[in-house]
Structure formats: structure tokens, C-alpha cells
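Along the sequence shown, the residues carry numbers beginning at 1. Note that ligands are numbered from 1 as they come in the structure, with each ligand's atoms numbered from 1 the same way.
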Amino acid sequence: MGVAVRHFDAVVVGAGGAGMRAALQLSEAGLKTAVLSKVFPTRSHTVAAQGGVSASLGNSEPDNWHWHMYDTVKGSDWLGDQDAIEFMCREAPKVVVELEHFGMPFDRNPDGTIYQRPFGGHMSDFGEGKPVRRACAAADRTGHAMLHALYQRNVRANTHFFVEWMALDLIRDAEGRVQGVVAMEMETSEIVVFQAKATLFATGGAGRIFASSTNAFINTGDGLGMAARAGIPLEDMEFWQFHPTGVAGAGVLITEGVRGEGGILRNSSGERFMERYAPNAKDLASRDVVSRAMVSEINEGRGCGPNKDHVLLDITHLDPEVIMSKLPGIREISIKFAGVDPIKAPIPVVPTCHYQMGGIPTNYHGEVVIDGQPVHGFYAAGEVACASVHGANRLGTNSLLDLLVFGKSSANSIIEFVKQQPEDLPQLAMADVERSVARVARLDNQTNGVQVHDARAEMQRVMQAHCGVFRFKDMLAEGVEKILEVAGMVAKTEIGDKSKVFNTARIEALELENLIEVAKATMVSANARTESRGAHVRDDAPDTPETPNGRDDTNWLKHTLWFREGNRLQYKPVNMKPLTVDTIKLKARSY
Ligand SMILES: Cc1cc2nc3c(=O)[nH]c(=O)nc-3n(C[C@H](O)[C@H](O)[C@H](O)COP(=O)(O)OP(=O)(O)OC[C@H]3O[C@@H](n4cnc5c(N)ncnc54)[C@H](O)[C@@H]3O)c2cc1C
């Protein structure tokens with residue numbers, strides 16, 4: 001078969017924060033590194049991150065990594081692995097200062113230190129004290145600043161970027177060792193094999209499985225789809241974060257930093273309703289808690305607007321100077337997408353799909369693990385990976401931190417691994433390459449098929465209706481049936497345009513084949529987990545003293561693993577043992 005093969009030490013799929021942090025480490029260590037990205041690196045979704053990156057620098061008030069670790073474990077509703085969480089929170093000050101030295105233009109305090117703002121769920125004194133200023137920010141464009149700083153560093157380190165290349169499939173040999181990826185150049189539709197000693201997935205999230213999402217159109221879960229097709233399980237896919245403040249009707253994100261700067265959520269009677277749901281943290285409670293409170297207000301008839309279908313985010317009491325200097329992008333988004341100037345009127349907001357807590361199972365070294373064993377040559381970092389530091393619910397600003405910490409640690413693992421590998425690459429496993437080529441050929445040869453946008457719209461509708469902020473037993477069971485039907489549609493998609501040059505129809509069809517794997521994993525895993533925990537909340541999970549808020553630690557303190565083959569589920573224990581400190585013991589979660 002006439003497929004060209006290119007050889008590298010390491011191939012990184014994805015040029016967001018995770019991929020670029022990793023690539024920088026690899027290139028600086030002298031590894032021949034290829035980075036593939038569907039879009040120009042600085043257009044990756046990380047660019048849209050607004051609020052900040054967490055680190056217990058304590059620049060404005062006392063803080064330390066022990067408090068950060070406690071908050072993260074509590075935020076995860078105890079589903080996060082405590083070894084990985086300790087590692088991340090301890091590394092945080094180091095990787096943030098490192099980023100500062102890479103040239104990241106953080107906002108500054110008058111004394112020149114990095115500016116920090118409060119964010120939901122980040123508290124002082126092991127959750128007992130008041131919200132703490134832990135989010136390091138560059139106005140409301142933190143991800144933008146981060147991505148540009150990392151890109152420029154990579155240019156300096158001579159990282160080899162393949163821009164507008166889409167990875168199609170993972171290549172594994174008969175023993176399951178990973179050899180690289182099959183990829184397509186979007187400009188020409190040419191298929192090329194990238195063979196490497198080590199492969200890192202940093203392909204970001206898959207928020208596009210839902211109809212309403214803050215995610216970019218390119219967030220189609222390609223890494224998850226590729227892993228699932230290659231027999232790698234997906235972990236904890238039932239846990240999706242709905243961000244409380246998407247612009248009503250548009251889905252565009254309004255950062256939690258707005259509430260960090262003093263913004264307040266109000267219902268139709270102007271009441272600050274979060275005081276009832278989270279008396280201590282109020283508007284700065286964890287995201288799952290705030291999202292559910294908002295949906296309850298709307299469901300109980302206290303929503304705003306003619307359809308009573310949203311609530312209001314009010315910052316009219318803030319000094320316009322603060323809004324202009326600390327939240328300029330938010331003001332622009334409000335004017336453009338909601339038609340209101342937040343200096344004068346509150347912003348209409350609703351919970352919107354934002355982040356996947358689950359992903360490809362890894363340890364805190366960024367190695368992909370199945371049954372406790374690293375998969376030879378395969379690594380994952382960033383939103384596509386599940387380390388698991390976010391457990392059942394992620395705290396705001398912990399994702400940008402995750403990118404830096406695990407981008408770096410996975411690269412360090414790769415550097416050590418590559419040293420031990422023979423100079424020459426092994427014989428290429430052609431079976432996976434042929435399967436991938438056949439997948440593209442199927443699409444080109446399909447007749448009397450289903451339109452891609454019809455199948456995608458149906459998937460998004462089913463996910464939104466059957467697997468949203470609140471989940472219901474019957475709806476989930478029905479959701480499994482429906483999503484399998486949609487999978488049948490996806491297997492028969494047809495594209496009208498079969499041309500080779502920048503054929504976006506082909507790309508979208510291939511992306512849908514990845515999205516549907518994510519949707520199936522989500523629905524099947526959610527249907528099986530009969531408790532409420534973090535972002536996964538079911539109507540049939542009883543609130544008793546043994547199962548506070550429906551959380552059932554006796555039966556469900558475990559990670560889900562979904563395998564594509566036969567929609568099989570398997571479970572593995574949560575690692576409750578940190579690296580150097582005592583276990584953070586189970587406790588009912590309230591804010
Ligand atoms: C609007 C918004 C605001 C946010 N704000 C914050 C915040 O303030 N703080 C915080 O901590 N978190 C925030 N988050 C979450 C955080 O930004 C993301 O989780 C994080 O940026 C993901 O980074 P990543 O490197 O994993 O992936 P991404 O930045 O999404 O990058 C993925 C990369 O993979 C590439 N790719 C994907 N598929 C393929 C393929 N098949 N072939 C080749 N390349 C591929 C893409 O081209 C891209 O380069 C926010 C998220 C959103 C959506």
C-alpha cells in the first residue's frame with residue numbers, strides 16, 4: 001500500500017497547552033519531535049481559557065499546596081486519585097513560575113508579584129476558611145497569554161509543527177505496543193504514517209457531543225475516539241462539567257472570574273439565591289453545585305426573561321474601572337452575544353457543557369495505563385487524559401494547571417523511555433494502518449447514506465436531553481438505546497463532496513466518528529453508575545446518612561472504565577493514598 005511513512009522520536013497529537021508544554025520539554029531535550037494539530041497551534045481551545053491558572057503562590061494572602069490539595073479532593077467528590085492530586089498541587093507553584101519565566105504576561109500586583117483572584121471551590125484552611133486568591137490571571141485572557149508564550153518558546157526550541165494535519169488512528173502492533181499514528185493532511189487529503197518511539201495524545205476535550213457547549217467546534221474528542229478504536233478503555237466518562245455561566249442562547253463562556261471579582265447570580269425576583277444553596281461559599285461554590293442550583297431555580301419558576309429559562313449574572317455594582325481592566329473580554333462577549341453592557345445591566349446566563357473530567361486512563365507520569373500496566377510507548381496529557389486529578393468534578397483553573405504539570409511530566413517520562421529504546425524503529429504494524437485507510441475509503445464509497453449533520457444533530461439532541469445537568473433513571477436507560485441507534489447512523493454517513501483539497505465535509509464526518517465513541521462511553525457509563533457524585537446527579541440516588549447527597553461510597557467509590565468492544569464496563573479502585581501526606585478522608589461535601 002502506497003502510504004508514506006515519517007519517523008520521529010516522539011509524535012505529539014495536539015498543540016494546545018498540554019501538547020505545547022510537552023513538546024517544549026521534548027524539543028529542549030533534543031528529541032526529534034513532531035506536533036500535529038488540526039488548527040494553527042495558537043487557535044487550540046486553550047486560547048479561550050479566561051479566568052486563570054491555579055497555584056498556591058500566596059501572593060495576596062496566606063495559602064499553601066495542602067489547602068489546594070484538600071480543595072481539589074473535595075471538589076472531585078473524592079473520586080480523584082490522591083497521589084496525582086498531591087503531585088499536581090505541589091508542582092503548581094513551580095510550573096507557574098516557570099511559565100512566568102517563559103514570558104507569560106501575567107497581571108501584576110503593585111509589588112510586582114503575579115496577580116491572583118478567587119475562584120469557585122478554592123478555599124483557605126482545609127475548606128473551613130474563606131475563598132482564597134489562588135487563580136493566577138492575565139486579565140480575562142489567561143489561556144490566550146499562556147498559549148502564545150508556549151508557542152513562542154517552541155519556535156525557539158525548533159519544535160516541528162504539522163499544522164492542519166488530522167490524526168486518524170492509533171497504530172498498535174500485535175502485542176499492543178503503540179507505534180504512532182495514521183494522519184491526514186487536510187490541505188490535500190493525503191494519508192501519512194507518523195511512526196515514533198513514543199506517542200503523546202494531547203487532543204483536548206469533546207464538549208461538542210452536547211448541543212449547548214462552551215467548547216470550540218474542533219473539540220470533537222479525536223484522541224478518545226482513536227484510543228477507543230485501538231482497544232484502550234475510557235475512564236469516568238459519565239462526569240461532564242456544566243459551567244454555570246454560558247451566555248443564554250449562545251453558549252459562549254462567561255468566566256467564573258466574574259464571580260471571583262464580585263459578580264452575583266440573581267433569580268427573577270432579584271434574590272441572591274446561592275445564599276440558600278451554599279451559605280458559606282455562595283456564588284463561589286463548586287461548579288456542579290452552582291449549576292444545579294441555577295437549574296432548580298429555573299425549574300421552580302424563578303427563571304428570568306419571557307421564557308423564564310435563564311438567571312442573571314450581576315456585576316452592575318462593580319466599579320466600571322475594574323470591569324474595564326480585569327474583565328474587558330467579558331464585557332465584549334456580553335455586548336456581542338447577549339446584547340447587554342454588563343456595566344449597566346446583568347448578563348443572562350445558563351449552565352452549559354464545558355469540560356470532560358474523564359478520559360484516557362493515565363498515572364501522574366502521563367503514562368497510559370491498563371490494569372495497572374503502562375501501555376508501551378503511549379502517553380496522554382491535558383483534557384483528553386484522566387490522571388485522575390479532577391475526579392467527579394473539576395475546580396476552575398485546575399485545568400490550565402493540569403496542562404502544565406502533566407504536559408511536563410509526560411514529556412519527562414517520554415524522554416526516559418526513548419533513551420531505553422533501540423535506535424531503529426520496529427517493523428510497522430500494517431493491520432492498523434490498513435484499517436484506518438479503509439475507514440476513510442468507506443466514507444468516500446458510501447451511497448444512500450446518512451447526512452453527517454443529521455447524525456450529529458441527533459447525537460447532540462440525545463445527549464442534551466438524556467444526559468444533562470440532572471439525570472433520570474428512565475431517561476438514561478432510553479438514552480443508551482437512542483445513542484446506539486445514532487451510532488448506527490454514524491456508521492452509514494455519506495459525504496456529497498469527495499474532492500481532495502481542504503475538504504471540510506470529510507473532516508467533519510471523521511470527527512463525528514470520534515464524537516460518537518465519546519457519546520456512547522458517556523451514556524453507558526452514566527446509566528450504570530446508580531449514585532450521585534460530583535457532576536453526575538441522578539434522581540433515583542437516595543439522600544440518606546450513609547449516602548449523603550446520593551453519594552454511595554460503599555458501592556461506587558471506584559473509577560469506571562468503558563471499552564468500545566461490546567460496550568463493556570470494568571471498574572478500578574480510587575487511589576486514596578497520597579505520595580507523602582495522610583489520606584484526605586471521606587466527608588459529605590458542602591460549601
Ligand atoms: C471557553 C473556555 C474557557 C476555559 N477557561 C479555563 C480557565 O480559565 N482555567 C482553566 O483552568 N481551564 C479553563 N478551561 C478549560 C481548559 O481551557 C481546557 O481544558 C484546556 O485548555 C484543554 O487543553 P488541551 O491542551 O488539553 O487541549 P486543547 O487546547 O483543546 O488543544 C487540543 C489540540 O489538539 C488538536 N487536535 C485535536 N484532535 C486532533 C487530531 N485528530 N489531529 C491533530 N490534532 C488534533 C487541536 O488542533 C488542538 O491543537 C476553559 C475551557 C473553555 C472551553
Run the numbers for me: atoms of ligand 1, each under 4.0 Å from some heavy atom of [X], listed by number.
X	value
T46	20 (C), 21 (O), 22 (C), 23 (O), 24 (P), 25 (O), 28 (P), 29 (O)
W165	42 (N), 43 (C)
V13	42 (N), 43 (C), 44 (N)
L403	20 (C), 21 (O), 22 (C), 23 (O), 24 (P), 25 (O), 26 (O)
S44	29 (O), 31 (O), 48 (C), 49 (O)
Y355	19 (O)
D222	38 (N), 39 (C), 40 (C), 41 (N)
G17	25 (O)

Side-chain ion pair, [X] and [Y], N-O less than 4.0 Å:
X	Y	result
E511	R456	no
D140	K326	no
E98	K94	no

Taking both backbone and side-chain atoms of [X], is any N or O found less than 3.5 Å from an N or O belonging to ligand 1?
X	answer
G19	no
A381	no
G205	no
A167	yes

Region of [X] engaging ligand 1 - heavy atom pairs below 4.0 Å:
X	answer
T214	both
A183	neither
T203	both
Q50	backbone
E164	neither

### Task
Would you please test D9 and T33 for side chain to side chain donor-acceptor pair (under 3.5 Å) and show each step?
CA-CA 6 Å; D9 289 322; T33 305; over 6 Å; no
Under 3.5 Å, side chain of [X] to main-chain N/O of [Y], donor-acceptor pair present?
X	Y	result
R208	Q460	no
E261	L327	no
D77	G534	yes

Ring centroid separation for [X] and [Y], is it under 6.0 angstrom?
X	Y	result
F40	Y151	yes
Y355	H390	yes
F162	H160	yes

### Query
Judged by non-hydrogen atoms, does E511 sit under 4.0 Å from ligand 1?
no
### Message
Taking only non-hydrogen atoms of L36, do any sit less than 4.0 angstrom from ligand 1?
### Response
yes
### Task
May I ask you to check whether K74 and S286 show a side-chain donor-acceptor distance below 3.5 Å?
no
### Message
What protein heavy atom lies closest to atom 13 (C) of ligand 1? Include the residue and the distance to one decimal.
### Response
A49 CB, 3.9 Å
